[in-house]
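Take a look at the structure set out below.
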Amino acid sequence: MKGLKGKTALITGASSGIGQAIAIRLAQEGCNIAINYRKNPDGAEDTEELAMQKACGDAEQCGVQSLLVQGDVSKEEDIQQVMQAVVEKFGGLDILINNAGIQTEYASHEVPTEEFDRIIGVNLRGAYLCAREAIQQFLEQNRPGVIINVSSVHEIIPRPMYITYSISKGGMGNMTRTLALEYANRGIRVNAIAPGATITPINDAWTDDPEQKAIVESHIPMGRAGTSEEMAAAVAFLVSDEATYITGQTLYIDGGLTLYADFREPWSA
Ligand code: NAD
């Protein structure tokens, strides 16, 4: 993709799943990658190894560099330390991928307040704080910057039993558009991807169970779940110079999940 060689990207929650695939893909495109993880250094090391293998093949060095940065995005001081480490190592930041995310299942009238705060703290507050720090850095550098928020189809589809997750992703949609509007004339683009059902550890409950997986896939017009690599491909495009006129958008990558699958067959006059 155009314009990615030599850029520096920070990917939060990059020790597994979609974040890992994004880190690998951006390294393959020639970006230096900062791999943030919270408590899975082994996963982060796997990301680094796979990314460097994709970027450099068998060559010892190929101009792409990587950094592992521990930090919890729900903690402001951690985010500031992460940002500082990235700038120290690479001399700046060009791309932030707000990917870290969590969810838990509760009836909406029973969500413990601490649980509500914990999920919003990572998915929404954490994403905002990372965006805030990144934008400060972009403005200081006085060169273009790009942010991608990893949202969800639940940015617009209500999700009973996961109200906090729904609220966080709905808020993320507005955050994407607000930041995009506010900084559009200062060289900063902000977009989101909204994955549908994707095979990653967050979905262990159904990906490892053939019966559950079939139920999930029966709701998806394309008849299958997506892969992390399919999400990463869209991110690579959106952060590249192929997408220089795109800002404030959420790109749904969902095999048609947001197309009202119940209307596949006519059921009303
Ligand atoms: P995942 O569980 O593999 O990835 C989430 C990552 O976030 C993990 O690496 C985890 O360690 C990290 N993380 C959690 N809390 C953190 C914190 N406080 N600080 C830093 N990192 C933290 O699952 P995934 O599916 O790859 O999820 C990635 C993103 O994609 C999430 O934002 C999720 O909401 C979104 N998403 C996933 C799907 C799906 O079906 N898999 C669908 C829509 C959206």
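Order of listing sets the numbers, starting from 1, for every ligand and every atom in it.
Contacts of N36 with ligand 1, taken as heavy-atom pairs under 4.0 Å, involve the side chain alone. By the criterion of a heavy-atom distance under 4.0 Å, neither the backbone nor the side chain of Q20 is placed next to ligand 1. Contacts of T198 with ligand 1, taken as heavy-atom pairs under 4.0 Å, involve both backbone and side chain. Residue contacts with ligand 1 for N203 involve side-chain atoms from C-beta outward but no N, CA, C or O (heavy atoms, distance under 4.0 Å). Counting heavy atoms closer than 4.0 Å to ligand 1, residue S228 contributes nothing at all.
Scanning all protein heavy atoms for the shortest distance to atom 22 (C) of ligand 1 gives A100 CB, 3.6 Å. Nearest to atom 4 (O) of ligand 1 among the protein's heavy atoms is S16 OG, 3.6 Å. Regarding atom 27 (O) of ligand 1, its nearest protein heavy-atom neighbour is I202 CD1, 4.2 Å. For atom 12 (C) of ligand 1, the closest heavy atom belonging to the protein is G13 CA, 3.7 Å. The nearest protein atom to atom 30 (O) of ligand 1, hydrogens excluded, is given as V150 CG1, 3.4 Å; this is a heavy-atom distance. Protein heavy atom at the shortest distance from atom 25 (O) of ligand 1 is T200 OG1, 2.5 Å. Here the heavy atom of the protein found nearest to atom 15 (N) of ligand 1 is R38 NE, 3.5 Å. Of all protein heavy atoms, the one closest to atom 5 (C) of ligand 1 is G101 O, 3.6 Å.
Inside a 4.0 Å radius of atom 44 (C) of ligand 1 there is at least one protein heavy atom.
Heavy-atom distances between K75 and ligand 1 stay at or above 4.0 Å for every pair. Judged by the shortest distance from any of its heavy atoms, S151 lies inside the 4.0 Å radius around the atoms of ligand 1. For the ligand labelled ligand 1, residue V122 lies inside the 4.0 Å heavy-atom shell. Under a 4.0 angstrom heavy-atom cut-off, G196 registers as being in contact with ligand 1.
Residue I102 has at least one heavy-atom neighbour below 4.0 Å for each of these atoms of ligand 1: 14 (C), 15 (N). For ligand 1, the atoms sitting less than 4.0 Å from at least one non-hydrogen atom of S15 are 9 (O), numbered in the order shown with element in parentheses. Per-residue contacts place D72 under 4.0 angstrom from the following atoms of ligand 1 (heavy atoms of the residue considered): 17 (C), 18 (N), 19 (N). Taking a cut-off of under 4.0 Å to the non-hydrogen atoms of G17, the atoms of ligand 1 that pass are 3 (O), 26 (O). Taking a cut-off of under 4.0 Å to the non-hydrogen atoms of P201, the atoms of ligand 1 that pass are 3 (O). For ligand 1, the atoms closer than 4.0 angstrom to any heavy atom of S152 are 43 (C), 44 (C). Within the listing of ligand 1, atoms 28 (C), 29 (C), 31 (C), 32 (O) sit less than 4.0 angstrom from a heavy atom of N99. Residue contact check: G71 has heavy atoms under 4.0 Å from atoms 19 (N), 20 (C) of ligand 1.
D254 and T258 form a side-chain donor-acceptor contact under 3.5 Å, judged by distance and modelled atom types alone. A donor atom on one side chain and an acceptor atom on the other are found under 3.5 Å apart for D72 and S74. Y37 and Q70 share no donor-acceptor pair across their side chains, judged by distance under 3.5 Å alone.
Counting heavy-atom neighbours within 6.0 Å of E115 CD, excluding the residue itself, gives a total above 12. For N142, the CG atom sits in a loose shell: 12 or fewer heavy atoms of surrounding residues, nucleotides or ligands are nearer than 6.0 Å. Atom CD of E77 has more than 12 neighbouring heavy atoms from other residues, nucleotides or ligands inside a 6.0 Å radius.
Using a 4.5 Å cut-off on side-chain heavy atoms (C-beta onward), Q65 and K89 make contact. In this structure, the side chains of V146 and P144 stay at 4.5 Å or more apart for every pair of heavy atoms.
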Check the pair L139 / I188 against side-chain contact (heavy atoms from CB on, under 4.5 Å), numbers first and verdict last. CA-CA 9 Å; L139 294 174; I188 297 172; 3.9 Å; yes

Applying side-chain contact (heavy atoms from CB on, under 4.5 Å) to N99 and V235, what does each step give before you reach the verdict? CA-CA 11 Å; N99 168 77; V235 169; over 6 Å; no

For I120 and T164: C-alpha separation, side-chain torsions, deciding distance, then whether side-chain contact (heavy atoms from CB on, under 4.5 Å) applies. CA-CA 7 Å; I120 295 292; T164 320; 3.7 Å; yes

Take Q137 and Q141, measure what side-chain hydrogen bond (donor to acceptor under 3.5 Å, both in side chains) needs, and give me the verdict at the end. CA-CA 6 Å; Q137 181 62 32; Q141 293 168 177; 2.9 Å; yes

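When all heavy atoms are compared, the tightest approach of G19 to I11 is O-CG2, 3.6 Å.
In this structure, Y162 and Y165 have perpendicular ring planes: the angle between them is above 60°, well past the 30° mark.
Between Y165 and ligand 1, an N or O atom pair is found at a separation short of 3.5 Å. Considering backbone and side-chain atoms together, V73 places an N or O closer than 3.5 Å to an N or O of ligand 1. Annotation: P195 places no N or O atom under 3.5 Å from an N or O atom of ligand 1; distance criterion only.
Between R125 and D117, no side-chain nitrogen of the basic residue sits less than 4.0 Å from a carboxylate oxygen of the acidic one, so the salt-bridge criterion is not met.
Each side-chain hydrogen bond (donor to acceptor under 3.5 Å, both in side chains) pair with one or both residues in residues 13-33, not counting sequence neighbours, appears once here: Q20-T47, R25-E29.
I33 and V69 fall into different hydrophobic clusters, where Ile, Leu, Val, Met, Phe, Trp and Tyr residues are linked whenever their side-chain heavy atoms come under 4.5 Å apart, directly or through other members.
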